Amino acid sequence: MRKAEVEISFNWIFILLVGAAFLFFFFNIINWQIDDGEQTTQRTISARLGPIFDALQSNPETVKVHDRVAFEVDFRCDLDTGHEYQLVNSNQIVQLPYQLFFTPERIGGSRLISLVKKFSVPYDIDSLLLLTDERTEYVFLGSDNTITRFYNLLPDEFVKRQINSINDYRAQDFRHTIFISSSELENLPQRSSNVVLQNNNVKINGEEFRRVNDALTLAAIVSGDEKNFKCTFDKLIKKTEIINDILINRSNTLGQHYVDIGNSVCASLYQPEIVSNRINDVITNNNQFNNQRIQDIAQANSNLRRQSCITIY
Amino acid sequence: MKKAQIQSMESIVVLIIVTIMLVIGIIFFSNFQGQDSERMLDQERELNAVSVALQMINLEELRCSTATIRTERCVDKLKLNAFVGISNSNYDFYFDKFGNTNISIQLIHPKLEEEKIHIYSYTGNFTSASIHTFIPLTVFDPINNVRHFAIMEVRALS
């Protein structure tokens, strides 16, 4: 081979190598940008969902059907990680340390439905966000009073129906079905769970909780998942404890104020055994709500109002 | 210098220039990316400050209420005084909610001796300048039956 021929071959090999290096470099940059873009979108969706949920929660007693969302969200709760949500096929996990959201295990890929209920014992504790979607079906079994009442309380925007018994149930194309019944069901169909409404308790897949009011019972129905429900229930207990402390402090100040100004009627109504101790007993030692104490406080508040004293709440 | 040597030199110079251009491109690109991230962080801090302020005025712990009437943007002074101590003893709970912020309420009219009430203070370290959000509200004193016009200030720290 002559020298000129070697030189030409060398130039071509050089051009090929440099070209390949350029191609490789830009291909990697494009790939990295696409991945980064997807992750940014998922990160943005995850981060923005929190404030959206918070905003929904600040409008009590409302029901809304939201636009169809393309993504699906998993809600989880366990002892190690606490309450959290994660977009399906994403590694972004968002913690829910204080939010009072009651949801099934997975929502999304369809229109979301939200219901906000005020939770009071009898003073307001917070608003509960009950969030589900059109791919979750609520089937009320039987026609006894409690079942019919909660069927009517669940807004029509939810995918719900009432049938006589589980034998009349024909599976449709839902991601999950939640059966609401007055006694525990055996042999549940696949992708379903069971919420049992008893006199004083509600049982979600066998786990029992005290029925305090309609808001919390609706929350159990909408969630249909004992772990997620328990997590939010524990946060509700914590929030109630804090509000109890504030109201006890406030009641003691008011009691002392009435003693100082010589108003014996209001001072007597603010005695600790009538107000502070009862507020303290709203939550029992085993972290349940005490319905009797809730009624006592409502009564004490009416007595104070009747005597034109400043009320507890 | 022979013709072949000149050609080789030319190739090397072209290679060096291309490499320099590539390096400049990468530096420019990463600077742009950095600025973009900084801008997104600023945006998130602003959103967070507004979100915290909205959560704070809707906080059930402080809200003025009677059993029948629900007053918006109104804080009960007795609850506020109790909350100052309680938020410190439940710092972890409120840190999750309010994060790296300092929140205070300033009574504007009628004024009291203690004009500014600090209701939540972030106890960790922070370096950069803060974003301020102000929200007007009413502080109701049930004992004296007085309504104070007040401003809530949320300082988002980072």
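Bear in mind that the values here come from a model prediction, so they are computed numbers and not experimental data.
- For the atom pair CD (Q55(B)) and OH (Y98(A)), the distance works out to 3.5 Å, reported to the nearest 0.5 Å.
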Starting from the C-alpha separation in whole Å, work towards a yes-or-no answer on side chain to side chain contact (heavy atoms under 4.5 Å, CB included) for K238(A) and N90(B). CA-CA 10 Å; K238(A) 172 73 184 163; N90(B) 290 283; 2.9 Å; yes
Scan the side chains in residues 258-269 of chain A for donor-acceptor partners under 3.5 Å anywhere in the protein, sequence neighbours excluded, and list what turns up.
{"from": "Y258(A)", "atom 1": "OH", "to": "I310(A)", "atom 2": "N", "distance (Å)": "2.9"}
{"from": "D260(A)", "atom 1": "OD1", "to": "Q256(A)", "atom 2": "NE2", "distance (Å)": "3.0"}
{"from": "N263(A)", "atom 1": "OD1", "to": "V265(A)", "atom 2": "N", "distance (Å)": "3.4"}
{"from": "N263(A)", "atom 1": "OD1", "to": "C266(A)", "atom 2": "N", "distance (Å)": "3.1"}
{"from": "S268(A)", "atom 1": "OG", "to": "S264(A)", "atom 2": "O", "distance (Å)": "3.3"}
{"from": "S268(A)", "atom 1": "OG", "to": "V265(A)", "atom 2": "O", "distance (Å)": "2.7"}

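- Interface check for chain A: of the options S87(B), G85(B), P142(B), the most heavy-atom pairs under 4.5 Å are formed by P142(B).
- Residues L247(A) and K79(B) form a side-chain contact, since some pair of their non-hydrogen atoms from C-beta on lies under 4.5 Å apart.
- With a threshold of 4.5 angstrom between heavy atoms, I125(A) approaches chain B through N, CA, C or O but not through any side-chain atom.
- Within residues 22-32 of chain B, the residues having any heavy atom under 4.5 Å from a heavy atom of chain A are, by residue number, L22(B), I26(B), F29(B).
- Closest non-hydrogen pair, E60(B) versus D124(A), comes out as CG-O, 3.3 Å.
- Rounded to the nearest 0.5 Å, atoms CD1 (I52(A)) and OG (S51(B)) are 11.5 Å apart.
- For the side chain to side chain donor-acceptor pair (under 3.5 Å) test, residues two or more places apart in sequence or in another chain that qualify with D234(A) are K230(A).
- Annotation: side chain of T253(A) is in contact with side chain of I143(B) (closest heavy-atom distance under 4.5 Å).
- Of the two parts of D54(A), only the side chain, counted from C-beta on, holds a non-hydrogen atom closer than 4.5 Å to a non-hydrogen atom of chain B.
- Taking chain B as the reference chain and counting heavy-atom pairs below 4.5 Å, the highest number among I242(A), I243(A), D126(A), N249(A) is found for I242(A).
- Note that CG of L59(B) is 7.5 Å distant from CD1 of I246(A), once rounded to the nearest 0.5 Å.
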Anything under 3.5 Å between a donor and an acceptor, one on a side chain of residues 93-107 of chain B, the other on a protein residue two or more places apart or in another chain? List them.
{"from": "Y94(B)", "atom 1": "OH", "to": "E61(B)", "atom 2": "OE2", "distance (Å)": "2.5"}
{"from": "T101(B)", "atom 1": "OG1", "to": "F98(B)", "atom 2": "O", "distance (Å)": "2.7"}
{"from": "N102(B)", "atom 1": "OD1", "to": "Y122(B)", "atom 2": "N", "distance (Å)": "2.9"}

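- Using a 4.5 Å cut-off between heavy atoms, Q33(A) touches chain B through its side chain atoms alone.
- No more than 12 heavy atoms of other residues, nucleotides or ligands lie within 6.0 Å of NZ in K227(A), so this atom counts as exposed by the packing criterion.
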